[in-house]
2 protein chains.
Amino acid sequence: MRSESTREDWTISVDAETKASERPGDHEAELRLWLRMLTCTSLIEGEIRTRLRKRFDITLPRFDLMAQLEKAPDGLTLGEVSRRMMVSNGNVTGLVERLVAEGLVERRASPKDRRATYVRLTDEGRAVFSGMARAHGDWMAELFDGLDPEEIGSLMELLAKTKRSVQRATMETDQR
Amino acid sequence: MRSESTREDWTISVDAETKASERPGDHEAELRLWLRMLTCTSLIEGEIRTRLRKRFDITLPRFDLMAQLEKAPDGLTLGEVSRRMMVSNGNVTGLVERLVAEGLVERRASPKDRRATYVRLTDEGRAVFSGMARAHGDWMAELFDGLDPEEIGSLMELLAKTKRSVQRATMETDQR
DNA sequence: GGTAAATATTTTAAGTTTGAAACATATGAA
DNA sequence: TTCATATGTTTCAAACTTAAAATATTTACC
């Protein structure tokens, strides 16, 4: 009995070690995690995009921009919007242009800095967004309905840790 | 003592219930979870996009398409690629066009179905992809370095559950 | 003050992406 | 067969997106 279990233990031990950093160049677990994250966000994003278009005839990027402005009643500079949305400056320029044309958003010069422009929701924009936000919130609850509060909490924490990990990794290589 | 703790219990109980479905129209937790998921994927995607451009002079969508083909040595139809990448058909048509022009991918008619075209990596495409995939795997390991194997496992499970939840929710509304 | 570096924005070109319409072929039912 | 419907792909217009260059202004340092 003893000698048989020794071999088995050895095998198990190697398997366990192999999972971590013993196999150079094998990053199976991280790769699959990334693909799964991507699948989840693609599914959700696609669904939200479709619903926003069908119910409110608006695109997802425009909705996202309005959502940023709704959280900042005094308005934001274009650069601040760009950072918060994590998209390029030029991208925001174009989106704002179209939202201004629709009367949902307005620009005004910064009194302090003549380079900067502030953007904020118009009254109409705020009214329109209010309805969309309510629906959007309901959709989110619907899509995540299969997770109980504890699972949502766990996911929040693990994603927070993921975010820190990614940010640390990108900081490090930025400096090289 | 008894009467004081009664009030306290009542208060706690209401707080606990309030978190679930007692507040109509409040989907704070789900909303924040979604935003956090989006932040994580945006950070990672942006980093990968930049690195692929700087090191391999290739775009992320092209890399993603090649990754699908690498997993299917016999090739895939355009429609199958479209489904796996979760993008529109027309999108794939254009991507394949550019990859064919670069000599990384080749098309051939389906022998069975004259509507369908198969796409697969060329020898050069396979060789080029091999180097990119190695780097990509390393990057993933680097970005997720802050998570230990148990955390990766938990995230995998929670995201699998999320995926099922989203799919169920979208199926339901599809039928309405 | 003068000037180099930093910051805020726009512009541009190339590419990606969608949704809808159009087209080609396949399949199944009468 | 024949036709209605389904499936595979392309085309098209509009929008989105990026990265890089250009412009305008501010800030910091001498």
Side-chain angles (χ1 to χ4, degrees), chain A residues 38 41-43 45-66 68 75-102 104-105 107-119, chain B residues 38 41-43 45-66 68 75-102 104-105 107-119:
Chain A
L38 213 45
T41 53
S42 294
L43 281 174
E45 211 172 78
E47 186 67 18
I48 297 301
R49 183 194 312 282
T50 301
R51 293 189 185 189
L52 282 174
R53 180 176 41 77
K54 293 200 171 168
R55 298 244 193 125
F56 298 105
D57 192 31
I58 196 174
T59 66
L60 182 51
R62 288 179 207 193
F63 174 82
D64 286 341
L65 176 22
M66 291 179 79
Q68 293 299 333
L76 295 171
T77 63
L78 290 176
E80 193 49 36
V81 172
S82 159
R83 274 185 293 277
R84 296 191 187 193
M85 292 182 73
M86 296 194 286
V87 299
S88 68
N89 286 341
N91 192 346
V92 173
T93 298
L95 285 173
V96 165
E97 202 171 83
R98 278 163 294 225
L99 283 167
V100 167
E102 291 184 283
L104 299 173
V105 146
R107 309 176 64 139
R108 60 200 172 100
S110 162
K112 299 280 194 179
D113 186 339
R114 292 195 311 183
R115 294 167 303 178
T117 314
Y118 275 85
V119 194
Chain B
L38 212 45
T41 53
S42 295
L43 281 174
E45 211 173 78
E47 186 66 17
I48 297 302
R49 183 195 311 282
T50 301
R51 294 188 187 190
L52 282 174
R53 181 175 42 74
K54 294 200 171 166
R55 298 243 193 125
F56 298 105
D57 191 31
I58 197 176
T59 65
L60 183 50
R62 290 179 205 192
F63 173 83
D64 286 342
L65 176 23
M66 292 179 78
Q68 293 298 334
L76 295 171
T77 63
L78 290 175
E80 193 49 35
V81 172
S82 158
R83 274 185 293 277
R84 295 190 188 193
M85 292 182 72
M86 297 195 284
V87 300
S88 68
N89 286 343
N91 192 347
V92 173
T93 298
L95 285 173
V96 165
E97 203 170 84
R98 273 159 252 153
L99 283 168
V100 167
E102 292 184 280
L104 298 173
V105 146
R107 309 176 63 138
R108 62 201 170 100
S110 162
K112 299 280 195 182
D113 186 337
R114 293 195 310 182
R115 294 167 304 178
T117 314
Y118 275 85
V119 194

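Small disclaimer: the values here were computed from a predicted structure and weren't measured. Letters A, B, ... mirror the listed sequences (proteins, then strands); counts begin at 1. No hydrogens, no waters, no symmetry mates; every other heavy atom, side chains included, goes into these values.
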By the salt bridge (Lys or Arg N to Asp or Glu O under 4.0 Å) test, which pairs, at least two apart or in different chains, include something from residues 56-65 of chain B?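 Only Arg62(B)-Glu102(B) qualify under salt bridge (Lys or Arg N to Asp or Glu O under 4.0 Å).
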
Taking only heavy atoms on the protein side, list every residue of residues 58-66 of chain B lying under 4.0 Å from any atom of DNA chain C, sorted numerically. Thr59(B), Pro61(B), Arg62(B)

Nearest to the side chain of Leu95(A), which nucleotide is it out of dT17(D), dA26(C), dA19(D)? dT17(D)

Once you round it to whole Å, what is the distance between [atom2] of [N] and [atom1] of [X]?
{"X": "Asp57(A)", "N": "dA15(D)", "atom1": "CG", "atom2": "C1'", "answer": "13 Å"}
{"X": "Glu102(B)", "N": "dA14(C)", "atom1": "CD", "atom2": "C1'", "answer": "13 Å"}
{"X": "Lys112(B)", "N": "dA24(C)", "atom1": "NZ", "atom2": "C1'", "answer": "20 Å"}
{"X": "Met86(A)", "N": "dT18(D)", "atom1": "CE", "atom2": "C1'", "answer": "15 Å"}
{"X": "Arg49(A)", "N": "dC16(D)", "atom1": "CZ", "atom2": "P", "answer": "10 Å"}
{"X": "Arg108(B)", "N": "dG8(D)", "atom1": "CZ", "atom2": "P", "answer": "17 Å"}

Rounded at 0.5 Å granularity, tell me how far CE in Met86(B) sits from CG in Leu43(A).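 Here the rounded value is 5.0 Å.
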
Rounded to the nearest 0.5 Å, what separates atom CZ in Arg84(B) from atom CG in Leu65(B)?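 Between Arg84(B) CZ and Leu65(B) CG, I get 12.0 Å after rounding to 0.5 Å.
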
Return whichever of Arg114(A) or Ser88(A) has its heavy-atom-nearest nucleotide of DNA chain D closer to the 5' end. Ser88(A)

Taking only the side-chain nitrogens and oxygens of Arg53(B), find out if one of them lies under 4.0 Å from OP1 or OP2 of dA19(D).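 Checking dA19(D) against Arg53(B), a side-chain N or O does come within under 4.0 Å of OP1 or OP2.
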
Annotated protein contacts, base or backbone, on nucleotides 2-13 of chain C with a non-hydrogen cut-off under 4.0 Å, one of B, S, - each: ----BBSBBB--

Using the side chain to side chain donor-acceptor pair (under 3.5 Å) criterion, which residues pair with [X]? Sequence neighbours excluded.
{"X": "Arg115(B)", "answer": "Asp113(B)"}
{"X": "Arg98(A)", "answer": "none"}
{"X": "Arg49(A)", "answer": "none"}

Residues in salt bridge (Lys or Arg N to Asp or Glu O under 4.0 Å) contact with Arg53(B), at least two apart in sequence or another chain: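 Partners of Arg53(B) under the salt bridge (Lys or Arg N to Asp or Glu O under 4.0 Å) test: none.
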
Between Arg107(B) and Val96(B), is any pair of side-chain heavy atoms under 4.5 Å apart?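 When only atoms from C-beta onward are counted, Val96(B) and Arg107(B) do touch, with a gap below 4.5 Å.
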
Determine whether Leu60(B) and Ile48(B) make a side-chain contact, defined as any pair of heavy atoms from C-beta on separated by less than 4.5 Å.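 Touching, per the 4.5 Å side-chain cut-off.
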
Please list, one pair per line, the donor and acceptor atoms closer than 3.5 Å that link side chains of residues 88-95 of chain A to other protein atoms, with sequence neighbours excluded.
residue  : atom : partner  : partner atom : Å
Ser88(A) : OG   : Asn91(A) : N            : 3.3
Asn89(A) : OD1  : Ser82(A) : OG           : 3.0
Thr93(A) : OG1  : Asn89(A) : O            : 3.4

Just to verify, what does Thr77(A) make a side-chain contact (heavy atoms from CB on, under 4.5 Å) with, not counting sequence neighbours?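 Thr77(A): side-chain contact (heavy atoms from CB on, under 4.5 Å) contacts with Glu80(A), Ala116(A), Tyr118(A).
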
Applying a 3.5 angstrom cut-off to the pairing atoms, does DNA chain D sit in any stems of at least three consecutive Watson-Crick or G-U pairs? List them by first number.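 Detected stem regions: C:1-30 with D:1-30.
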
